[in-house]
Amino acid sequence: PRGGGGRNKHKPKVAKAKQDPDSWVQKIALPALELKESGLPVSLEAIDKLQAGQRVPRLTSPRSIKACLELGVDPKMLAPVTLADFRDDKVEKQLWMLQYQHATDLRETLLEKLMDMRLNFEA
């Protein structure tokens with residue numbers, strides 16, 4: 001046998017594209033660069049006014065985007081939650097109620113911090 005000495009000749013493995021866990025950072029910053037002339041920018045106030053079940057809009061306000069990036073908050077984390085999201089008949093009511101309360105408190109706290117931070121940025 002010539003030129004390989006019995007080695008197996010395999011095609012090189014092609015690595016599957018893994019989704020970058022920080023890809024949301026790129027996705028969130030892009031609209032600020034591509035802000036269309038029509039319409040007002042979507043800011044954190046729009047997310048604050050969401051009702052349960054509504055989709056979190058893509059932020060386009062540069063100051064809102066900057067605040068999220070500064071605190072490392074993916075805007076999808078700010079979606080409003082309902083009791084139904086946490087209700088689980090296999091778990092004691094106290095536990096899922098605690099999880100629900102934690103999620104609502106976290107959302108309120110994050111929104112408050114983000115909006116305060118946003119106001120401190122220059123327009």
Side-chain angles (χ1 to χ4, degrees):
R2 191 174 191 181
R7 290 185 190 165
N8 292 335
K9 294 183 181 179
H10 292 287
K11 292 181 182 179
K13 291 184 180 180
V14 177
K16 292 183 180 180
K18 292 183 181 179
Q19 185 175 356
D20 182 5
D22 294 327
S23 65
W24 69 270
V25 173
Q26 296 166 355
K27 289 178 186 174
I28 193 175
L30 187 61
L33 303 174
E34 298 177 345
L35 185 59
K36 296 178 183 168
E37 292 179 24
S38 61
L40 296 172
V42 177
S43 68
L44 290 164
E45 283 80 10
I47 292 177
D48 189 33
K49 294 176 184 174
L50 289 176
Q51 299 297 315
Q54 288 183 307
R55 194 176 133 270
V56 175
R58 186 177 211 172
L59 291 175
T60 57
S61 165
R63 291 187 300 160
S64 293
I65 292 170
K66 185 175 179 181
C68 286
L69 291 173
E70 291 271 333
L71 288 182
V73 175
D74 182 344
K76 291 177 184 174
M77 294 171 49
L78 303 173
V81 295
T82 65
L83 263 172
D85 295 333
F86 293 89
R87 185 180 196 101
D88 186 350
D89 294 332
K90 297 176 186 173
V91 178
E92 289 185 41
K93 182 179 178 180
Q94 290 176 320
L95 182 59
W96 57 261
M97 286 292 291
L98 185 63
Q99 291 173 326
Y100 167 75
Q101 191 61 51
H102 174 73
T104 55
D105 291 347
L106 179 61
R107 179 180 188 267
E108 289 174 21
T109 301
L110 284 174
L111 277 168
E112 188 176 307
K113 285 181 182 180
L114 289 166
M115 286 196 275
D116 286 347
M117 181 179 273
R118 178 187 182 279
L119 292 175
N120 290 326
F121 294 140
E122 288 186 32

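The figures that follow rest on heavy atoms only: side chains count, while hydrogens, waters and symmetry mates do not.
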For residues [X] and [Y], determine if any side-chain heavy atom of one lies less than 4.5 Å from a side-chain heavy atom of the other.
{"X": "L44", "Y": "E112", "value": "no"}
{"X": "L114", "Y": "C68", "value": "yes"}
{"X": "V56", "Y": "L78", "value": "no"}
{"X": "S43", "Y": "R118", "value": "yes"}
{"X": "S61", "Y": "V42", "value": "no"}
{"X": "F121", "Y": "E70", "value": "yes"}
{"X": "T104", "Y": "P80", "value": "no"}
{"X": "P75", "Y": "I47", "value": "yes"}

Heavy-atom closest contact (F86 atom, W96 atom, distance): O-CB, 3.0 Å
Where L83 and Y100 come nearest, the two heavy atoms and their spacing: N-CE1, 3.6 Å
Joint hydrophobic cluster, V81 plus L110, side-chain heavy atoms closer than 4.5 Å: no
Check: D85 side chain, T82 main-chain N or O, donor-acceptor pair, under 3.5 Å: yes
Q54 side chain to Q51 backbone, donor-acceptor under 3.5 Å: yes
How many angstroms lie between atom [atom1] of [X] and atom [atom2] of [Y], to the nearest 0.5 angstrom?
{"X": "E45", "Y": "L111", "atom1": "CD", "atom2": "CG", "value": "9.5 Å"}
{"X": "Q101", "Y": "Q94", "atom1": "CD", "atom2": "CD", "value": "13.5 Å"}
{"X": "M77", "Y": "L106", "atom1": "CE", "atom2": "CG", "value": "6.0 Å"}
{"X": "E92", "Y": "L95", "atom1": "CD", "atom2": "CG", "value": "7.5 Å"}
{"X": "L69", "Y": "M117", "atom1": "CG", "atom2": "CE", "value": "10.5 Å"}

side-chain contact (heavy atoms from CB on, under 4.5 Å) between R107 and L50, worked out: CA-CA 12 Å; R107 179 180 188 267; L50 289 176; 4.3 Å; yes
